[in-house]
Trainee: 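Here you go, one structure.
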Amino acid sequence: MFNRRYVPTAVAVAVLLATAAVGYMRTEAKTEMPVRILFKNNGGNVIFSHLVHHRNYEIACAECHHESAGAGGQTLACGSCHPVAFDDDFVKRHIASFPDKQYCVQCHHTEYDEIIFDHDEHEEYADDCRSCHHDESIEPEPQKCGNCHEGQRDGDMPGLAEAAHARCHTCHEDMFEQGLTSCKSCHKEVDMTLYQGDYSSCAQCHDGPTKDLVLTRMNAFHDQCMDCHEKEGRGPYGEGSCNKCHIR
Ligand code: HEC
Ligand code: HEC
Ligand code: HEC
Ligand code: HEC
Ligand code: HEC
Ligand code: HEC
Ligand code: HEC
Ligand code: HEC
Ligand code: HEC
Ligand code: HEC
């Protein structure tokens with residue numbers, strides 16, 4: 001049944017249910033590689049010669065299925081990870097579209113454990129407690145920032161990360177300079193491989209929208225198919241090429 005898989009992208013729900021079903025079934029039995037795949041979509045159907053690409057053009061599975069070299073080792077539909085849109089519906093349903101939890105780390109790739117911060121030492125570095133703690137009008141006695149600052153900003157009230165970072169930044173500008181690679185100077189990272197807990201939203205650490213981090217379905221296909229064609233100088237790509245793949 002896999003070589004006749006139709007994927008109506010216009011209906012996001014159907015895509016996600018289908019990929020979920022495929023995910024479940026694949027854990028049961030090893031599936032054959034589909035010979036041809038028909039993508040039904042608003043841009044016009046695309047027939048993709050799967051076997052020909054692999055056998056005749058000698059393209060290794062892992063060149064397209066980049067996850068097959070990763071955790072889990074199974075081939076998943078691109079739409080499991082590259083949905084039509086990263087909307088509420090995706091968030092609700094995406095967990096069920098993966099055969100096992102090893103896949104989660106491809107996106108939920110880090111959570112932070114306890115902070116590397118020696119409070120006692122810092123009492124000496126700073127002139128007084130109020131260089132980090134608020135004055136008495138807000139914080140009568142110094143206490144944990146997390147008692148008042150929660151996960152996300154709420155009006156004038158900054159979230160925990162923003163509040164703590166602002167204070168640490170006054171003396172440790174250098175630690176934030178390298179962007180994401182510098183987080184480790186204060187944060188111990190959790191080993192996510194067998195992680196079962198809650199996941200932070202991407203926006204807690206990343207400024208840009210998720211679709212800029214992980215491509216949406218159309219962009220994932222276009223980039224992967226056409227980048228290779230362009231690199232090889234063979235196969236359709238570029239402006240005038242649409243109807244070489246999209247047929248009415
Ligand atoms: C040129 C790129 C390319 C190569 C090479 C390739 N595939 Fe695929 N494969 C795809 C695309 C695209 C799909 C469609 C995925 C989708 O429907 O989202 C697919 C679908 C599949 C599916 C069905 C996935 C599903 O969930 O419906 C399987 C299984 C699969 N490929 C296995 C393989 C194996 C095994 C190899 C190597 C022998 C291979 N593929 C080589 C691009 C490729
Ligand atoms: C298990 C989840 C998962 C699956 C399945 C998956 N991707 Fe991805 N893909 C990602 C993630 C996460 C990124 C962004 C991180 C990165 O660049 O490695 C990404 C990045 C990409 C990129 C941009 C980077 C690059 O490698 O050029 C393209 C293009 C892409 N995917 C296409 C595809 C296609 C086509 C398929 C199906 C054949 C597919 N992906 C299947 C998770 C997945
Ligand atoms: C292709 C990337 C990707 C993969 C793989 C992935 N997720 Fe997600 N997940 C997301 C995105 C995007 C969101 C929305 C997060 C946001 O709003 O910033 C999300 C949200 C969630 C949430 C809700 C978090 C909240 O804000 O309440 C949970 C729980 C979750 N994912 C669990 C999982 C589990 C379990 C797996 C593995 C079975 C998994 N995810 C695999 C991208 C992914
Ligand atoms: C360099 C910044 C900084 C300075 C200076 C500082 N603190 Fe703190 N303090 C913090 C941070 C950050 C926390 C929250 C740590 C946490 O959540 O683990 C905290 C937490 C506390 C707590 C709560 C501890 C707990 O476990 O509930 C007390 C009490 C406290 N500080 C007292 C003081 C006093 C008294 C001084 C001055 C002698 C002082 N702090 C100076 C940053 C500072
Ligand atoms: C008792 C509650 C409470 C505690 C504890 C607390 N805050 Fe705040 N914080 C507030 C409130 C309320 C505001 C908003 C004040 C305003 O409107 O300017 C705020 C605002 C801030 C701001 C933005 C305004 C500014 O002062 O620059 C920073 C940064 C901040 N807090 C850092 C911290 C840090 C770091 C800690 C722990 C060392 C901490 N806060 C502990 C209540 C608290
Ligand atoms: C008033 C200035 C000041 C503030 C505010 C401050 N620090 Fe520091 N911190 C220092 C000094 C001084 C040192 C010791 C010299 C050094 O390593 O830079 C230090 C050292 C450290 C180190 C060890 C660095 C290393 O390389 O070994 C860590 C980690 C650290 N601070 C974390 C924090 C965190 C987290 C915050 C915010 C809650 C914070 N600091 C706020 C002054 C400050
Ligand atoms: C100078 C030290 C320092 C650096 C560098 C730093 N952080 Fe933090 N971060 C903190 C402190 C302190 C807290 C508050 C932790 C607490 O009180 O539990 C925090 C909290 C957070 C939180 C909120 C955790 C929660 O439980 O809600 C996130 C998310 C976060 N940081 C992300 C980052 C990212 C991403 C980077 C790298 C760009 C980074 N941090 C770099 C010190 C740092
Ligand atoms: C707790 C903080 C944190 C959360 C939450 C988080 N990330 Fe990241 N992310 C990072 C850090 C740190 C790096 C850089 C890792 C490195 O350089 O080793 C990174 C790197 C990436 C990259 C590689 C590209 C780049 O910009 O370097 C992608 C793609 C990505 N994250 C996607 C996501 C998605 C999607 C989510 C939500 C499902 C997410 N991240 C949630 C901290 C986070
Ligand atoms: C890793 C490289 C690579 C990727 C990825 C790739 N192709 Fe190709 N494609 C080729 C090569 C090489 C040819 C051979 C052209 C020739 O012989 O002139 C080709 C030819 C084609 C052709 C014309 C002849 C034929 O076999 O039908 C179409 C249509 C095509 N590709 C569609 C796609 C689609 C759709 C995707 C994405 C799902 C894709 N290709 C992904 C390398 C790739
Ligand atoms: C190499 C083959 C190829 C070429 C060339 C190509 N596309 Fe696509 N296109 C695809 C594939 C594969 C999909 C994903 C199909 C799916 O998700 O079901 C897609 C999806 C789309 C979609 C999404 C439709 C929907 O329902 O969400 C649009 C719109 C689109 N393409 C327009 C274009 C345009 C405009 C061009 C020319 C600039 C073009 N494509 C060139 C292969 C191609």
Side-chain angles (χ1 to χ4, degrees), residues 1-3 5-7 9 15 18-23 25-26 30-39 46-66 68 74-82 97 99 110-117 119 132 144-147 149-152 159-187 189 198 200-207 217 220-237 241 244-247:
M1 70 170 283
F2 291 106
N3 44 358
R5 222 177 107 247
Y6 299 107
V7 187
T9 47
V15 170
T19 52
V22 169
M25 279 182 253
R26 185 153 306 111
K30 262 206 167 163
T31 39
E32 303 264 305
M33 178 189 177
V35 174
R36 270 177 231 94
I37 295 170
L38 177 65
F39 302 106
V46 173
I47 297 169
F48 172 53
S49 54
H50 192 227
L51 185 60
V52 168
H53 271 76
H54 173 61
R55 194 187 51 202
N56 300 22
Y57 308 153
E58 297 179 331
I59 302 169
C61 316
E63 278 212 42
C64 300
H65 296 284
H66 49 118
S68 65
Q74 280 164 316
T75 313
L76 276 190
C78 316
S80 298
C81 297
H82 301 283
S97 72
T110 184
E111 286 292 325
Y112 291 144
D113 200 357
E114 66 190 59
I115 201 89
I116 305 164
F117 174 59
H119 194 266
C132 295
K144 280 192 166 185
C145 324
N147 290 356
H149 294 280
E150 297 182 334
Q152 306 288 349
L160 180 60
E162 195 185 344
H165 290 174
R167 287 287 191 274
C168 311
H169 192 267
T170 56
C171 298
H172 292 298
E173 203 174 335
D174 55 311
M175 286 188 185
F176 293 94
E177 259 167 18
Q178 280 84 41
L180 285 172
T181 54
S182 66
C183 317
K184 290 191 191 93
S185 40
C186 299
H187 287 280
E189 284 181 290
D198 289 334
S200 306
S201 76
C202 317
Q204 271 218 44
C205 301
H206 294 283
D207 292 335
R217 187 177 161 93
F221 277 115
H222 277 175
D223 286 10
Q224 191 172 75
C225 310
M226 291 198 245
D227 283 358
C228 177
H229 293 161
E230 189 167 8
K231 201 176 89 211
E232 296 277 320
R234 298 150 76 200
Y237 64 90
S241 70
K244 300 234 173 70
C245 291
H246 290 279
I247 44 178

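When a residue number appears, it is its place in the shown sequence, counting from 1. All ligand and atom numbering here is 1-based and tracks the order in the structure.
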Trainee: Centre-to-centre under 6.0 Å for Phe48 and His53, is that the case here?
Mentor: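 Between His53 and Phe48, which both carry aromatic rings, the centre distance is below 6.0 Å.
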Trainee: Closest heavy-atom contact between Ser49 and Arg36?
Mentor: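 Ser49 and Arg36 have their closest heavy atoms at CA-CG, 4.2 Å.
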Trainee: Quick one: look up the protein heavy atom nearest atom 28 (C) of ligand 7 and list residue, atom name and how far away it is.
Mentor: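 Looking only at protein heavy atoms, the one closest to atom 28 (C) of ligand 7 is Ala161 CB, 3.5 Å.
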Trainee: May I ask you to check whether over 12 heavy atoms, not counting those of Ile47, lie within 6.0 Å of atom CD1?
Mentor: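 No, the 6.0 Å shell around CD1 holds no more than 12 heavy atoms from other groups.
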Trainee: Which atoms of ligand 7 are found less than 4.0 Å from any heavy atom of Met175?
Mentor: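 Atoms satisfying the 4.0 Å criterion: 1 (C), 5 (C).
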Trainee: Could you tell me whether any N, O or S atom belonging to His165 is less than 2.8 Å from atom 8 (Fe) of ligand 7?
Mentor: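 So His165 counts as coordinating atom 8 (Fe) of ligand 7, yes.
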Trainee: If you take all heavy atoms of Leu76 and Ser97, which pair is closest and at what distance?
Mentor: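 Looking at all heavy atoms of both residues, the shortest contact is CD2-O, 4.1 Å.
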Trainee: List every atom of ligand 7 that sits less than 4.0 Å from any heavy atom of Cys168, numbering the atoms from 1 in the order shown and giving each element.
Mentor: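 What qualifies from ligand 7 is 1 (C).
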Trainee: Among the heavy atoms of Phe117, does any lie under 4.0 Å from an atom of ligand 7?
Mentor: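 No, Phe117 has no heavy atom closer than 4.0 Å to ligand 7.
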Trainee: Would you indicate whether Asn56, at its atom CG, is surrounded by more than 12 heavy atoms from other residues, nucleotides or ligands within a distance under 6.0 Å?
Mentor: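 Check passes, neighbour count above 12.
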Trainee: Under the side-chain contact (heavy atoms from CB on, under 4.5 Å) criterion, do Met33 and Thr75 qualify, and how do the steps go?
Mentor: CA-CA 9 Å; Met33 178 189 177; Thr75 313; over 6 Å; no
Trainee: Can you find an N/O atom of His229 closer than 3.5 Å to an N/O atom of ligand 9?
Mentor: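 Among all N and O atoms of His229, at least one is under 3.5 Å from an N or O of ligand 9.
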Trainee: Ignoring angles and geometry beyond distance, decide whether Lys244 reaches within less than 3.5 Å of ligand 9 through its nitrogen or oxygen atoms.
Mentor: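 For ligand 9, there is no N or O atom that lies under 3.5 Å from one belonging to Lys244.
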Trainee: Side-chain donor-acceptor pair under 3.5 Å between Glu111 and Ser200, yes or no?
Mentor: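 There is such a pair between these side chains.
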Trainee: Applying the side-chain contact (heavy atoms from CB on, under 4.5 Å) criterion to Met175, which one of Ser182, Cys186, Cys168 satisfies it?
Mentor: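 Among Ser182, Cys186, Cys168, the one that satisfies the side-chain contact (heavy atoms from CB on, under 4.5 Å) with Met175 is Cys186.
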Trainee: Could you list the atoms of ligand 1 found under 4.0 angstrom from a heavy atom of Arg217?
Mentor: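 Counting atoms of ligand 1 from 1, those under 4.0 Å from Arg217 are 18 (O).
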Trainee: Return the closest protein heavy atom for atom 11 (C) of ligand 7 as residue, atom name and distance.
Mentor: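 The closest heavy atom on the protein side is Ile115 CD1, 3.4 Å.
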Trainee: Is there a heavy atom in Glu63 that sits closer than 4.0 Å to ligand 1?
Mentor: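 Under 4.0 Å: no for Glu63.
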Trainee: Do other residues, nucleotides or ligands put more than 12 heavy atoms under 6.0 Å from the CD atom of Glu162?
Mentor: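 Atom CD in Glu162 is crowded, with more than 12 foreign heavy atoms closer than 6.0 Å.
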Trainee: Considering the heavy atoms of Phe221, write down every atom of ligand 1 situated less than 4.0 Å from one of them.
Mentor: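 Listed by number with element, the hits are 12 (C), 18 (O).
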Trainee: Check His65 and report its N/O/S atom nearest to atom 8 (Fe) of ligand 1, by atom name.
Mentor: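 Checking each N, O and S atom of His65, the shortest distance to atom 8 (Fe) of ligand 1 belongs to NE2.
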Trainee: Compare every heavy atom of Gln224 with every heavy atom of Cys64, then report the nearest pair and how far apart it is.
Mentor: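 Looking at all heavy atoms of both residues, the closest pair is O-NE2, 2.9 Å.
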Trainee: Quick test: of every protein heavy atom, which one is nearest to atom 2 (C) of ligand 9, and how far off is it to 0.1 Å?
Mentor: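 So the nearest neighbour among protein heavy atoms is Cys228 SG, 1.7 Å.
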Trainee: Tell me whether Phe39 has any N or O atom under 3.5 angstrom from an N or O of ligand 1.
Mentor: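 Between Phe39 and ligand 1, no N or O pair is found under 3.5 Å apart.
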Trainee: Is it true that, when you exclude Asp198 itself, more than 12 heavy atoms of the residues, nucleotides or ligands shown sit nearer than 6.0 Å to its CG?
Mentor: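 At most 12 heavy atoms, drawn from other residues, nucleotides or ligands, come within 6.0 Å of this atom.
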Trainee: When you look at Tyr237 and His222, which way does the side-chain contact (heavy atoms from CB on, under 4.5 Å) test go after all the steps?
Mentor: CA-CA 9 Å; Tyr237 64 90; His222 277 175; over 6 Å; no
Trainee: List the closest protein heavy-atom neighbour of atom 37 (C) of ligand 7: residue, atom name, distance to the nearest 0.1 Å.
Mentor: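 That would be Cys183 SG, 2.0 Å.
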Trainee: Looking at ligand 7, would Gly179 count as a contact under a 4.0 Å heavy-atom criterion?
Mentor: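 Per 4.0 Å heavy-atom rule, Gly179 contacts ligand 7.
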Trainee: Which of these, Glu114, Gln152, His187, His206, has its nearest heavy atom closest to atom 20 (C) of ligand 7?
Mentor: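 Shortest heavy-atom distance from atom 20 (C) of ligand 7: His187.
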Trainee: Can you figure out which of Cys64, Cys225, Cys78 has its heavy atom closest to atom 38 (C) of ligand 9?
Mentor: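 Closest candidate by heavy-atom distance is Cys225.
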Trainee: Among protein heavy atoms, which sits nearest to atom 32 (C) of ligand 7, and what does the distance come to when rounded to 0.1 Å?
Mentor: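 Here the closest protein heavy atom is Tyr112 CE1, 3.4 Å.
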Trainee: Does the N or O separation between His53 and ligand 1 drop below 3.5 Å for any pair?
Mentor: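 No; the residue has no nitrogen or oxygen that sits under 3.5 Å from a nitrogen or oxygen of the ligand.
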Trainee: Please write down residue, atom name and distance for the protein heavy atom closest to atom 18 (O) of ligand 7.
Mentor: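 Checking every protein heavy atom, the shortest distance to atom 18 (O) of ligand 7 gives Leu160 CD2, 3.9 Å.
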Trainee: Can you pull out the closest protein heavy atom to atom 1 (C) of ligand 7? Residue, atom name and distance to 0.1 Å, please.
Mentor: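 Closest protein heavy atom to atom 1 (C) of ligand 7: Cys186 SG, 2.7 Å.
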Trainee: Near His50, which atoms of ligand 1 are under 4.0 Å from a heavy atom of that residue?
Mentor: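 Matching atoms, with element in brackets: 6 (C), 7 (N), 8 (Fe), 9 (N), 10 (C), 19 (C), 20 (C), 21 (C), 30 (C), 31 (N), 32 (C), 33 (C), 39 (C), 40 (N), 41 (C), 42 (C), 43 (C).
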Trainee: Between His229 and Pro236 (side chain of the first, backbone of the second, donor and acceptor by atom type, cut-off under 3.5 Å), is there such a pair?
Mentor: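 Judged by distance alone, yes, a pair lies under 3.5 Å.
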Trainee: Would the His187 and Tyr112 ring centres measure less than 6.0 Å apart?
Mentor: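 So the answer is yes for these two rings.
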Trainee: Go through it in stages, so that I can follow the logic: the residues are Ser201 and Gln204, the test is side-chain contact (heavy atoms from CB on, under 4.5 Å), and I'd like the CA-CA distance, side-chain angles, deciding distance and then a yes or no.
Mentor: CA-CA 6 Å; Ser201 76; Gln204 271 218 44; 4.0 Å; yes
Trainee: Which of the numbered atoms in ligand 1 are under 4.0 angstrom from any heavy atom belonging to Phe48?
Mentor: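 With Phe48 as reference, the close atoms of ligand 1 come out as 1 (C), 2 (C), 10 (C), 11 (C), 12 (C), 42 (C).
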Trainee: Can you confirm whether Ile116 sits close enough to Ser185 that some side-chain heavy atom of one is under 4.5 Å from a side-chain heavy atom of the other?
Mentor: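 Result no, sub-4.5 Å side-chain heavy-atom pair not found.
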Trainee: Considering only protein heavy atoms, which is closest to atom 14 (C) of ligand 7, and at what distance to one decimal place?
Mentor: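 For this ligand atom, the closest protein heavy atom is Ala164 CB, 3.5 Å.
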Trainee: Provide the number and element of each atom of ligand 1 under 4.0 Å from a heavy atom of His54.
Mentor: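 The atoms of ligand 1 under 4.0 Å from a heavy atom of His54 are 37 (C), 38 (C).
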Trainee: Would you say Cys61 reaches atom 8 (Fe) of ligand 1 with an N/O/S atom under 2.8 Å?
Mentor: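 No, Cys61 does not qualify, because none of its backbone or side-chain N, O or S atoms lies under 2.8 Å.
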Trainee: Which residue holds the protein heavy atom closest to atom 23 (C) of ligand 9, what is that atom called, and what is the gap in Å?
Mentor: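 For atom 23 (C) of ligand 9, the nearest protein heavy atom comes out as Pro236 CD, 4.0 Å.
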Trainee: Give the contacting part of Tyr57 toward ligand 1: side chain, backbone, both or neither, where contact means a heavy-atom distance below 4.0 Å.
Mentor: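 Within the 4.0 Å criterion, Tyr57 makes no contact with ligand 1.
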Trainee: Taking all atoms of both residues into account, what is the closest heavy-atom pair of Ile59 and His54, and its distance?
Mentor: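 Minimum heavy-atom contact is O-ND1, 2.7 Å.
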Trainee: Ligand 1 versus His82, non-hydrogen atoms closer than 4.0 Å: side chain, backbone, both, neither?
Mentor: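 For His82, no heavy atom sits under 4.0 Å from ligand 1.
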Trainee: Return the residue, atom name and 0.1 Å-rounded distance of the protein heavy atom closest to atom 12 (C) of ligand 9.
Mentor: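 Closest protein heavy atom to atom 12 (C) of ligand 9: Arg234 NH1, 3.9 Å.
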Trainee: So is Gln224 in contact with ligand 1, going by heavy-atom distances below 4.0 Å?
Mentor: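 Not so, Gln224 does not reach ligand 1.
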Trainee: Relative to the heavy atoms of Ser49, which atoms of ligand 9 are at a distance of less than 4.0 Å?
Mentor: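 Those atoms are 25 (C), 26 (O), 27 (O).
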Trainee: Of the choices Glu111, Lys184, Gln204, which has the non-hydrogen atom that lies closest to atom 27 (O) of ligand 7?
Mentor: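 When every heavy atom of Glu111, Lys184, Gln204 is considered, Gln204 comes closest to atom 27 (O) of ligand 7.
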Trainee: State the atoms of ligand 1, each with its element, that fall below the 4.0 Å cut-off from a heavy-atom position in Ala60.
Mentor: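 Checking each atom against Ala60, I get 5 (C).
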Trainee: At a non-hydrogen distance cut-off of under 4.0 Å, which region of Ile59 contacts ligand 1 (side chain, backbone, both, or neither)?
Mentor: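 It is both backbone and side chain that touch ligand 1.
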Trainee: Which atoms from ligand 1 have a heavy atom of Ile37 less than 4.0 Å away?
Mentor: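 Selected atoms, number and element: 13 (C), 14 (C), 19 (C), 20 (C).
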Trainee: Mind checking whether His50 and Val35 have side chains closer than 4.5 Å, heavy atoms only?
Mentor: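 Heavy-atom side-chain distance check fails, nothing below 4.5 Å.
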Trainee: When rounded to the nearest 0.5 angstrom, what distance separates CD1 in Ile37 from CG in Leu51?
Mentor: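 One finds 10.5 Å between CD1 of Ile37 and CG of Leu51.
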Trainee: Are there more than 12 heavy atoms of other residues, nucleotides or ligands under 6.0 Å from atom CD of Glu177?
Mentor: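 Count over threshold, so yes.
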